[in-house]
Each structure stands twice: as structure tokens, then as C-alpha cells.
Amino acid sequence: MKLHNFNSGPSILPQPVLEAASRAILDFNGTGLSILEIGHRTAWFQEILNEAISSVKTLMQLGDDHEVLFLHGGATTQFMQVPMNLLDENAMAAYCDNGIWGNKAHKEAALFGKVQVVSDTSDRKHSYIQKDFAIPSDASYLHITTNNTVEGTQWHQFPQTAVPLVADMSSDIFCRPMDFNKFALIYAGAQKNMGAAGVNMTVIRKDVLGKVSRKIPAIMDYSKHIAAGSLMNTPPVFAVYVSMLTLRWILNEGGLPEMEKRNRAKADLFYNTLDSLQEVYQPVVAKEDRSWMNAIFFLQKPSLEESFLNLCKQEGMIGVKGYRTVGGVRISMYNALPLESVQTFCDLMRHFASKNG
Ligand SMILES: *Cc1c(COP(=O)(O)O)cnc(C)c1O
């Protein structure tokens, strides 16, 4: 049976990426060595890293003010690394709490300085993005989560502010073109939309660095990583390689405009289907804030949830159960997910609705 991979992360990767990565495990580019066996200071790895960095710069149209790093530790490490590098003990950072990831991010920041939560959408279970909130001008930065992986919301326009903008883009990185240059810092764990688990990409505008007085351990210090060209210690070589292949795939397919076109088509198809079947399914996210990447909904009759999920399982739909604390259904439609998978899922929704309506 054909499987449809709606996993939220680690998640689906493009087939050509998987093929190239598996070839490289046995023989990296005809060297007779596995990608797992080559040194990180070889010219081979340097080329991989260079291509990954230049692909990011091309896709994001970044100027020379921004540096691209590939670091260990996933997005969760960035929850502490960002404030450690940008938030002085007596200074204040503004955070938007629009879901579990933003919530974790500001709790970590509070270990390093003052935190002001300037937008908290928990009053309606994070089912929307608040747009009209005040941003204190003395904040060291404003932190947002561009896509709320668990709650199914996504920012479709960004706050206008002079305060440096920091964004966790883990679950919607490279899903669409946007003005990346207006962000002071962007980070993303690779395992959702750009590669394999084990590496995190961080893009930093250099002028925000060097402003805190605390001592920073070398491995946590962005400036030292920039000076070392992401090679302060052994980077996750294979994970960087998979990210490089995924970035190459995005560019070959037509870049971010093409990703946007595909993602819009999938999201439109899914949400139109959902909206047309409301006697059985309950959409929960405000229409204008719906995520293209992670769509969530509930069954109008909670007692039907189990049989819906069982049907999904029977039909080869992988990873459609809602987040453990949220319940319901979630499908993730990352760049690599074909439209056909969404079509098949929508057919299943219609079929189930006709039997249970
Ligand atoms: C998955 C996710 C994280 C956590 O990423 P890890 O790599 O597991 O640390 C953080 N933020 C967002 C938005 C996520 O989707």
C-alpha cells in the first residue's frame, strides 16, 4: 500500500534527497568513502557546507549583514542560545506566546533576563494570531514563532517594529518567499522542512551580537561560531549534508515561489474540503491565520475520532493524530508532501463523512 506521510517532524523529505543521501552513505561522490567516514575539515565537507550556506543566502536573498550557521541541538537549544547571546541580565525581551513552542521559548529566556509576553493567545487555545499588540521600544528583541506546529496557526504578515525581530521558523522555513532581511535572527530545526534531525540552521544579522555582558560558553557563542565558519567543533556532518541536498532540491524545483505555489494549492484543497464538511469535522483555527504546514481539526462528535484515526491507519495515512496534549487530527503538509497525498486524505474525509454524517 502507498503510504502518505503527514508526520509533523521528523517528516517527509523529497525522494531525490533520500536517494542521494543513501548513495552517499555507501560511497560519497565516488571517493570510495562513506559520508559518515569523512572528516569535517576536509575540502569535501567544506564544499557541502559552502553549498548549504550559499543556497540559504540565495533562497533568502540575504545580504552580507547576515551570517548562516549550522549548529547542533535543534530549535530547543536556540530557546536558550538566543537570550544567552542577545538578552542582558537587566534588559527585557518581548515574546509572543502563541502556542507550546513560543511558551517554552519565553520560559527559557526568563533564565537570562526580563521577559515581557506581549501577545498571549491562550484565551482561545491559541487558535488565532493576535495582530494589534504593543511592542515596548526598549525590548532587546521581539520573538515570534512563525508557524505554530501544534496549534495549526501561521503568521501571514509580520509586525512592523524597530525592535530586532527574532523568529523560530522551525516548521515553515522555506515554505514561501518573504523578506528575510527584516529579521535580526532566524532559527529552524532542520527536521521539519529542510532536512534530517540533528542540526539547526541559524541566520544572524551581525549587528545584534556583542551587546551582552555575561560570559558565554564558547559552544553557545554565535560570534565564535561565525568566526569558526560553523566548524568550531565537529558539526553533524550527515545532517548538514541532508539539509544541503534539500536546499538544492528546493532551488532545482523553482525556489520559494514554486514552494509557495505548491503549498497554497495543498492548503486550499485541504481547507476547502474541511469547510465543506462541517457537519462532521470541526475547524478550529481562525481562517486568516490557518497554517499551510500543519492543519488541525476535530470531529464534531468526539466519539468518532477513534474510528476516523483507525480508518486513516488502514488507508496508509501516517502521522495524522493530533499532538498529545491537544488531541483531534493534525496533518502536516511540508514542502516535500505531494498534492496527491492531500487529495487522497480529502477523499478519505469525504468518504468517512458520507458514512457518518
Ligand atoms: C519542533 C519544533 C521545535 C522543537 O524542535 P527541536 O529540534 O525538537 O528542538 C521548536 N519550535 C517549533 C516551532 C517546532 O515546530
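Whatever order the structure lists ligands and atoms in, that order sets their numbers, starting from 1. Excluded from the calculations below are hydrogen atoms, water molecules and symmetry mates; all remaining heavy atoms, backbone and side chain alike, are included. Only a predicted model underlies this, so the values are computations on that prediction, with no experimental measurement involved.
The single protein non-hydrogen atom nearest to atom 15 (O) of ligand 1 is T149 OG1, 2.5 Å, given as residue, atom name and distance. For atom 5 (O) of ligand 1, the closest non-hydrogen atom on the protein side is A75 CB, 3.5 Å. Shortest contact from atom 9 (O) of ligand 1 to any protein heavy atom: T76 OG1, 2.5 Å. Here the protein heavy atom with the shortest distance to atom 11 (N) of ligand 1 is D168 OD2, 2.6 Å.
A salt bridge links K131 and D289; the closest N-O separation between the charged side-chain nitrogens and carboxylate oxygens is under 4.0 Å.
Geometrically, K192 engages W101 in a cation-pi contact defined by less than 6.0 Å to the ring centre and at most 45° from the axis. Both the sub-6.0 Å distance and the 45° axial angle are satisfied by R124 relative to the ring of Y128.
Between F6 and F345, a ring centre-to-centre spacing shorter than 6.0 Å is recorded.
Looking at K192, K104, Q78, Q191, it is K192 that brings a heavy atom closest to atom 1 (C) of ligand 1.
Contact atoms of ligand 1 toward T145: 13 (C) (distance under 4.0 Å to a heavy atom of the residue). Those atoms of ligand 1 with a heavy atom of G74 less than 4.0 angstrom away are 7 (O), 9 (O).
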Would you sort out whether N5 and Y334 count as a side-chain hydrogen bond (donor to acceptor under 3.5 Å, both in side chains), showing the intermediate values? CA-CA 10 Å; N5 185 353; Y334 297 118; over 6 Å; no

Worked verdict on H40 versus F45 for ring-ring contact (aromatic ring centres under 6.0 Å, His included): CA-CA 6 Å; H40 60 293; F45 183 68; 7.3 Å; no

Show the numbers, then the answer: is there a salt bridge (Lys or Arg N to Asp or Glu O under 4.0 Å) between D179 and K182? CA-CA 6 Å; D179 183 3; K182 79 170 173 206; 5.3 Å; no

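Contact annotation for F79 and ligand 1: only side-chain heavy atoms (C-beta onward) come within less than 4.0 Å of the ligand.
Contact analysis leaves M169 out of contact with ligand 1, as no non-hydrogen atom separation drops below 4.0 angstrom.
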